[in-house]
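Hydrogens, waters and symmetry mates play no part in the numbers below; they use all other heavy atoms, side chains included.
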Amino acid sequence: MGSSVYARAWRACIVACGLAWFGPGDLRAETPEPFASAEPAERSVEPFGLSASPLSSGGLTDKWLGVQRRLDDEMVQLALCEGDRDGCASPAALKFLDIVDAARSREGRARLGEINRAINLAIRPISDLVQHGQTDVWTSPLATLARGGGDCEDYAIAKFVALRRAGLAPEDLRIVVLRDTIHGDDHAVAAARLDGHWLTLDNRRMAMVEDADIRNFRPTFVIGHHGVMRYDDPPLLSDASGNNSMVSLVVSSLVASADPSSERGN
C-alpha cells in the first residue's frame, strides 16, 4: 500500500513536470482552435485591402450602367476629335484630350498627379440640386466638362476615364464611395494602383493620398472593370489617434441602413 501510494505520487509529479515544461502546447491540444495557416491571410486586391461582393442591381448599379451607356457615345466623339482636332466641334472633347495628352507625357505618379490636378481645375464644385434640380445625378466626362461644374462623383468619373485613356490598365483603376464619418456624407474618389499601392484622387485636394493614410472615412462601394461591388463589413478608417470605437458603432448602423442610390457628398 505504501509503495503504491508512493508510485502514484511519483507519476503525478512526472505529469505535473511535463505540463509545466510543455505548457501551452498541450493545453491548446485539449481545446481545439480554428485552423490558422502559417501564411498571413491574403489581402484583397481592392483599395483598402478589403473584400467586396458584386452588386447586380440597385440604385448605384443603375447609375453606373447609365454612365457607361453615355461613355460609349463619348468615346466615339473623342476618337473623331482625336483624328481631326481642327474639325472637332466639341470644346469639351478637346479639353479632355489635352488633359490626357499632358498625362501621357509623364510617367508613374506624375501621370496620376497631372490628371488629378487638371480635372480638379477644369471643374468647379457645384451640387446636383443646384445644377440639375435633383440629387445624385451621375454625369459622363464630356457632359461634366461642357457644363464646367459637378460634384464629387463627376470628378471621380472624369478622372477614371482620363486615367484609362492615358494608359492605365483597367485592373488598376477604381471609383470608391466612402462614408464621411464626421459629417455623415457620402464622398466619391477615383483610385489608381501604382507599384502595388492604391492612391486616391480627390476633388478636395491636389495631393494624392494612399488608401492606408485616409482617416475618418468608411469605404462602402467600389466600381471598376468588374462593375459595382459593395465592401463586406468595412471597418472605420480611424482618426490619427485611433479613437474609433464609439464612432464605429454609429457608422455601422448608418452603412447598414444606407440606400446605395443616396446622394453622394461633394
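- Within the model, atoms CD1 of I223 and CG of L173 stand 13.0 Å from one another, a figure rounded to the nearest 0.5 Å.
- Residue pairs meeting the disulfide bond (SG atoms under 2.5 Å apart) criterion with at least one member in residues 51-124, sequence neighbours excluded: C81-C88.
- Contact detail for N120 and D202: the closest heavy-atom pair is ND2-O, 3.2 Å.
- Put simply, CE on M208 and CZ on R109 are 4.5 Å apart, with the number rounded to the nearest 0.5 Å.
- A salt bridge (charged side-chain N to carboxylate O under 4.0 Å, His left out) check over residues 162-171, counting only residues at least two apart or in different chains, returns the pairs E82-R165.
- The heavy-atom pair separating F160 from A190 by the smallest distance is N-CB, 4.4 Å.
- Summarising the geometry of D232 relative to S53, their closest heavy-atom pair is OD1-OG, 2.8 Å, with the distance given to 0.1 Å.
- Grouping the Ile, Leu, Val, Met, Phe, Trp and Tyr side chains by contacts below 4.5 angstrom, directly or via other members, places M229 with L50.
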Exercise for review: Test side-chain contact (heavy atoms from CB on, under 4.5 Å) on L163 and L201 and set out the steps.
Suggested key: CA-CA 11 Å; L163 287 165; L201 287 70; 3.9 Å; yes
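- If you take CD1 on I123 and CG on N203, they are separated by 8.5 Å, rounding to the nearest 0.5 Å.
- Taking each heavy atom of T61 and S56 in turn, the nearest pair found is CG2-O, 4.0 Å.
- Between D101 and R104 there is a salt bridge, since a side-chain N of the basic residue sits under 4.0 Å from a carboxylate O of the acidic one.
- For the pair V67/E153, no side-chain contact is recorded, criterion being any heavy-atom separation below 4.5 Å from C-beta on.
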Check your understanding: Taking it one step at a time, do Y231 and V177 satisfy side-chain contact (heavy atoms from CB on, under 4.5 Å)?
Key -> CA-CA 10 Å; Y231 279 112; V177 178; over 6 Å; no
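- Listed for the D128 side chain is a donor-acceptor partner under 3.5 Å among the backbone atoms of D136.
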Practice item. Determine, stepwise, if the pair W64 / D62 fulfils side chain to side chain donor-acceptor pair (under 3.5 Å). Key: CA-CA 5 Å; W64 180 242; D62 292 342; over 6 Å; no
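- Going from atom CG of L142 over to atom CD of E74 covers 3.5 Å, rounded to the nearest 0.5 Å.
- By the rule that hydrophobic residues join a cluster once side-chain heavy atoms approach within less than 4.5 Å of another member, L168 and L194 end up as members of one cluster.
- A 4.5 Å side-chain heavy-atom check between Q131 and T144 finds every atom pair outside the cut-off.
- Counting heavy atoms from C-beta outward, L112 and K159 have side chains that stay 4.5 Å or more apart.
- Between the side chain of R124 and the main chain of G148, a donor-acceptor pair closer than 3.5 Å is present.
- A single hydrophobic cluster is seen to contain both I119 and M75, as judged by linkage of ILVMFWY side chains at heavy-atom distances under 4.5 Å, directly or through other members.
- When all heavy atoms of P219 and L178 are compared, the pair lying nearest together is CA-CD2, 3.5 Å.
- Listed for the R111 side chain is a donor-acceptor partner under 3.5 Å among the backbone atoms of A103.
- The CZ atom of R174 lies 4.0 Å from the CH2 atom of W198; values are rounded to the nearest 0.5 Å.
- The line from CG of L71 to CD1 of I157 is 7.5 Å long, rounded to the nearest 0.5 Å.
- One N or O on the side chain of D154 and one on the backbone of D151 form a donor-acceptor pair closer than 3.5 Å.
- Listed for the T181 side chain is a donor-acceptor partner under 3.5 Å among the backbone atoms of N216.
- Following chains of ILVMFWY side-chain contacts shorter than 4.5 Å, one cannot reach V189 starting from V137, and the two form parts of different hydrophobic clusters.
- A continuous path of hydrophobic side-chain contacts links W138 to Y155 [ILVMFWY only; heavy atoms under 4.5 Å].
- Judged purely by atom type and a 3.5 angstrom limit, D211 uses its side chain to pair as donor or acceptor with the backbone of F48.
- D72 places none of its side-chain heavy atoms less than 4.5 Å from the side chain of Q68.
- More than 12 heavy-atom neighbours from other residues, nucleotides or ligands sit within 6.0 angstrom of CG on D213.
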Point to revise | side-chain contact (heavy atoms from CB on, under 4.5 Å) evaluation trace for K63 with V228 | key: CA-CA 10 Å; K63 291 181 187 301; V228 180; over 6 Å; no
Review point. Which is it for V176 and E46 under the side-chain contact (heavy atoms from CB on, under 4.5 Å) test, yes or no, and what are the steps along the way?
Key: CA-CA 10 Å; V176 181; E46 300 304 323; over 6 Å; no
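- When every heavy atom of S90 is checked against every heavy atom of Q77, the shortest pair comes out as CB-NE2, 3.0 Å.
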